[in-house]
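Quick caveat: nothing in here was measured; it's all calculated off a predicted structure. Only this structure's heavy atoms are used, side chains among them; waters, hydrogens and symmetry mates stay out.
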Amino acid sequence: MGNTAAVNRIIQLVGGTDNINKVWHCMTRLRFDLIDDSKINQQEIKQLPGVLGAQIQSDQFQIIIGPQVNSWYQQLSGVLTPGDRATADSTTKQKKGLISLFMDTVSGVFGPIVPAIAGAGMIKGLLAGLVALQVVSAKSDTVVVIDLIASGVFWFLPFFLAISAAKMFKTNEYLAAAVAACLMYPSLLEAAKALANHAPNAVSAFYFLDMIPVSVFNYASSVIPVIFSVLALSYIYRWVDAIMPEVLKTVFTPTLTLFITALVALVIIGPAGIWLGKLLAWFIEGLFGVSASFAGLVVGAIRPIAILTGMHHAMTPVALQNFTDRGYDMLMPMMFMANMAIAGSTFAIWLHSKTRQEKSVVLSAAISALLGITEPALFGVLTRYKKAFIAATVASSLASAFIAFFGVRLYGYILSSIFSLPAYIGPYFMFALLGVALSLGLSFALTLLLVGRK
């Protein structure tokens, strides 16, 4: 069965096009928002060629495909034209809880842009390694060019998030980008820079109509403000469009929508989003404040199950906020340890496997985990060997505690892959290497011990 046949069969097995409210994807999964989950035939979907697993999590139906998910999504999108998709309302499907809504939003917004930030992050990490090894001079034009290629995505991240969020919230993508442009306008960024540098003429706010304060913040690389601003845009647009006379809609609906949304974003949502992001970062910092090793134990232990349930995207805004506020992050190194632990356990299962076909599948999953894509290993291998999953979790937790104790940190977003190691070159490089060795070695050894060897 080819991908096209499998995609058509998936549509049938989730209840048909009339049961699909929304579909999107992250790096390895197709994610469905369905009207009636009882119409899903999970067992048949799991048996389709190319499908690694399926589950209902946080009111999403997730089908795990692996690295080829984008190809499947493109074929799915070609079948599901906008006119075919149903629109769920409160009478058809119960309202989601806050956690489910949050997970839907984060995965829906970040999933499509992960290739861009992962690719840019990899370039950034490799550049950091080349500079640290003195292969290229930090002041050379070559570094300037490579850095602008790698850093552009992160600096203009609000635009990427705005487009992705607009698709998620079903509103106009270009108005969403226009709102992001307001948050990124040079006069605001320059004022924020002057304030941060304690310049003599720095101001903390501009005053609209001499009475409404527009707080000065640097929204470059910010996450939460733009997502919530686009969410507000979706409601404001519908409200304005509903009250606007038909003859005036073409011109005045976007005009009034942009003006109101931009003001709301600049006066209320933007500042609130900045502080909310800081609170999330402070919470994680508080965990480290209790004990860095304890924080590592906790984060390392929950990471594999978070990936399994699809909740791992919740950490991305925190990590990005840490990079913005502090210039470094200690969470992503722990994610790195978790990925290596998953790879180590999967390699042990490869050694344990008996048939050539099984060995081929498991080896492919193990290599994918080394390269930062862990879903094939988790869903295709470790869920079938519960003791191996436990071994990976223990190794992830201990290795994360180890690197946290020695203060291993990362200075730019990068995919948690074995090729990420050059990004760690510097004061903590040796401890990062030891952490990887501990994570891979311990998970491999524990898995062999618990599962056994043929």
Where the side chain of [X] meets the backbone of [Y], is there a donor-acceptor pair that is under 3.5 Å apart?
| X | Y | value |
| --- | --- | --- |
| Ser439 | Ala341 | yes |
| Asn197 | Ala199 | no |
| Asn339 | Ser417 | no |
| Ser396 | Gly300 | yes |
| Arg409 | Gly407 | yes |
| Ser234 | Leu231 | yes |
| Ser140 | Ser137 | yes |

Can you find a heavy atom in the side chain of [X] that is under 4.5 Å from one in the side chain of [Y]?
| X | Y | answer |
| --- | --- | --- |
| Phe252 | Leu256 | no |
| Leu76 | Val23 | yes |
| Lys39 | Leu34 | no |
| Val408 | Pro333 | yes |
| Val299 | Leu331 | yes |
| Phe159 | Met184 | yes |
| Ile20 | Val14 | yes |
| Met337 | Phe402 | no |

**OP:** Decide yes or no on side-chain hydrogen bond (donor to acceptor under 3.5 Å, both in side chains) for Asn19 and Asp36, but give the supporting numbers first.
**Re:** CA-CA 6 Å; Asn19 196 40; Asp36 186 355; over 6 Å; no
Distance (rounded to the nearest 0.5 Å) between [X] [atom1] and [Y] [atom2]:
| X | Y | atom1 | atom2 | answer |
| --- | --- | --- | --- | --- |
| Thr257 | Ile236 | OG1 | CD1 | 7.5 Å |
| Cys182 | Tyr219 | SG | OH | 11.5 Å |
| Ser397 | Met334 | OG | CE | 10.0 Å |
| Arg238 | Leu233 | CZ | CG | 9.5 Å |
| Met335 | Ser420 | CE | OG | 12.0 Å |
| Asp241 | Asn172 | CG | CG | 11.0 Å |

Please indicate whether [X] has more than 12 foreign heavy atoms, meaning atoms of other residues, nucleotides or ligands, lying under 6.0 Å from its [atom1].
| X | atom1 | result |
| --- | --- | --- |
| Asp141 | CG | no |
| Phe405 | CZ | no |
| Phe206 | CZ | yes |
| Phe294 | CZ | no |
| Phe228 | CZ | no |
| Lys46 | NZ | yes |

Subject >> Single hit among Phe429, Tyr428, Phe431 for ring-ring contact (aromatic ring centres under 6.0 Å, His included) with Phe406 >> reply: Phe431
Original post:
What do the steps show when you test Phe169 against Ile227 for side-chain contact (heavy atoms from CB on, under 4.5 Å), and what is the final call?
Top reply: CA-CA 10 Å; Phe169 301 135; Ile227 292 177; 4.3 Å; yes
What is the minimum heavy-atom distance between [X] and [Y], and which atoms define it?
| X | Y | result |
| --- | --- | --- |
| Leu297 | Leu398 | CD2-CD2, 4.1 Å |
| Leu175 | Pro254 | CD2-O, 4.0 Å |
| Ala377 | Ile342 | CB-CG2, 3.7 Å |
| Leu438 | Ala399 | CD2-CA, 3.8 Å |
| Ser416 | Met340 | O-CE, 4.3 Å |

**OP:** Determine, stepwise, if the pair Val214 / Tyr207 fulfils side-chain contact (heavy atoms from CB on, under 4.5 Å).
**Re:** CA-CA 6 Å; Val214 174; Tyr207 287 87; over 6 Å; no
Original post:
Under a 4.0 Å N-O cut-off, is there an ion pair linking Lys249 with Glu246?
Top reply: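 So Lys249 pairs with Glu246 through a salt bridge.
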Subject >> Tyr424 ring center near Phe336 ring center (under 6.0 Å) >> reply: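 So the answer is yes for these two rings.
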Original post:
side-chain contact (heavy atoms from CB on, under 4.5 Å) between Ser204 and Val216: does it pass, once the steps are laid out?
Top reply: CA-CA 5 Å; Ser204 60; Val216 170; 5.6 Å; no
Original post:
Does the side-chain contact (heavy atoms from CB on, under 4.5 Å) test come out yes or no for Leu266 and Phe208, once each step is laid out?
Top reply: CA-CA 10 Å; Leu266 290 167; Phe208 178 66; over 6 Å; no
